[in-house]
Amino acid sequence: MSTVEQVTDPVAAHGEGPVWHASWPGLRWVDMLAGDVLELDAGQVRRHHVGTVAAALRPRADGGVVLAVERGFALADASLTEVQPLPELWQDNDIRMNEGGCDPDGRFYCGSMSYREEAGRGSLYRLNRDGSTETVLTGVTISNGLAWSPDGGTAYYIDTPTHRVDAFDYDGELTGRRTLLEIPAEAGAPDGMTVDADGRLWIALWGGSAVRCYRPDGTLEDHVELPASQVTACTFGGADLDELYITTSQQGVDGQPEAGALFRYRPGVRGLPVLPYRRD
């Protein structure tokens, strides 16, 4: 039975959004409200400041990086030394980007939320391949995990306060929204997630000190406990994509020395390569 390993010190105040890409020096994730992208390279953690908020990132097919920052999107070079913000999507100081990912067609999504977590004030936005943007969903409270099935035909989405993981049919657009599963309140609240090569969903539980694995039919399969309560997101990485990297946060906790650290778990399954952003 695999055990959870602590990979770093508690380097992030609010660690989120881990991403593995073979061309990068190592895993990258965000210290969201510090506006930093963290990079694990040969056991050392480097920081790259990209804005007031660093909400999410994905590799670009052309070798660069696409980012979600406080009020929209940005493009960066592969080393994250040159960041080009795109036009802001709103002016409201109470709204920020939170979490996102790319679809199988190479478009980048990120969802927003109110700093005060006010109900229904967030949306899900999409950065298209031609650089235009669209609003895909509205009435969201805390837009979080977004992932696709191995065949690309189903998208999974989390609006955290609903305690649900919703599924959509995907054929270029998100349609047919339905509830796949519900997380009991006593288990924590669903946050970020990833999908493995067999189609199982690995879901980080904010306030739940755990990551849970569910089959595509919504059946619980695994429960991975961590020594930090605010578990935020997870992704598969390593040369064989067989290591589950898990981020945590220090927000709202006291007396948890491991909070804010990066963890690793080897579940005996492999993940999927990260979907990149493809700019036309």
Measuring from [X]:[atom1] to [Y]:[atom2], what's the distance to the nearest 0.5 Å?
X	Y	atom1	atom2	value
D280	D130	CG	CG	6.5 Å
E243	T235	CD	OG1	11.5 Å
L205	H163	CG	NE2	10.0 Å
W202	I246	CH2	CD1	8.5 Å

Under 3.5 Å donor-acceptor, [X] side chain and [Y] backbone:
X	Y	answer
D103	G106	yes
D240	D242	no
Q230	G207	yes
R58	G100	yes
R60	A76	yes
H223	R212	no
T138	S123	no
T141	G120	yes
D36	L38	no

So does [X] pair up with [Y], basic N to acidic O under 4.0 Å?
X	Y	value
D105	R278	no
D62	R279	no
D94	R121	yes
E182	R164	no
R28	E39	yes
R215	D217	no

Would you indicate whether the side-chain heavy atoms of [Y] and [X] approach each other to under 4.5 Å?
X	Y	value
W206	I183	no
Y125	W90	yes
L33	R96	yes
I142	E117	yes
V37	L67	yes
P273	L241	yes
Y265	D222	yes
L86	L127	yes

With clusters defined by side-chain heavy atoms of hydrophobic residues (ILVMFWY) lying less than 4.5 Å apart, directly or transitively, does [Y] cluster with [X]?
X	Y	value
V66	M97	yes
V165	Y170	no
V7	V45	yes
F168	V136	yes
V269	F263	yes

Carefully, step by step, assess I158 and E99 under the rule side chain to side chain contact (heavy atoms under 4.5 Å, CB included). CA-CA 10 Å; I158 292 170; E99 176 64 289; over 6 Å; no
[X] and [Y]: which non-hydrogen atoms are nearest, and at how many Å?
X	Y	answer
V69	A74	CG1-CB, 4.3 Å
V231	A210	CG2-N, 3.5 Å
D191	T160	CA-OG1, 4.1 Å
A259	P10	O-CB, 3.0 Å
Q6	A261	NE2-CB, 3.7 Å
V195	A147	CG2-CB, 3.8 Å

Starting from the C-alpha separation in whole Å, work towards a yes-or-no answer on side chain to side chain contact (heavy atoms under 4.5 Å, CB included) for S149 and Y156. CA-CA 8 Å; S149 61; Y156 303 107; 4.1 Å; yes
Verify the neighbour count for atom CD of E225: are there more than 12 heavy atoms of other residues, nucleotides or ligands below 6.0 Å?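 For E225, atom CD is not crowded (no more than 12 foreign heavy atoms under 6.0 Å).
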Counting heavy atoms not belonging to D92, are there more than 12 under 6.0 Å from its CG?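 For D92, atom CG is crowded (more than 12 foreign heavy atoms under 6.0 Å).
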Which label fits W20 and Y245: parallel for a plane angle under 30°, tilted from 30 to 60°, or perpendicular past 60°?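 Judged by the thresholds at 30° and 60°, the geometry between W20 and Y245 is parallel.
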For the residue pair [X] and [Y], confirm or rule out a side-chain donor-acceptor distance under 3.5 Å.
X	Y	result
N98	S143	no
T232	T247	yes
Y109	R126	yes

So Y115 and N93, side chain to side chain contact (heavy atoms under 4.5 Å, CB included) or not? Walk me through it. CA-CA 9 Å; Y115 277 102; N93 292 331; over 6 Å; no
Given side chain to side chain contact (heavy atoms under 4.5 Å, CB included), test W24 with D41 step by step and report yes or no. CA-CA 9 Å; W24 293 347; D41 184 4; over 6 Å; no
Quickly, which of L244, L201, V274 forms a side-chain contact (heavy atoms from CB on, under 4.5 Å) with T194? Name it, please.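 Among L244, L201, V274, the one meeting side-chain contact (heavy atoms from CB on, under 4.5 Å) with T194 is L244.
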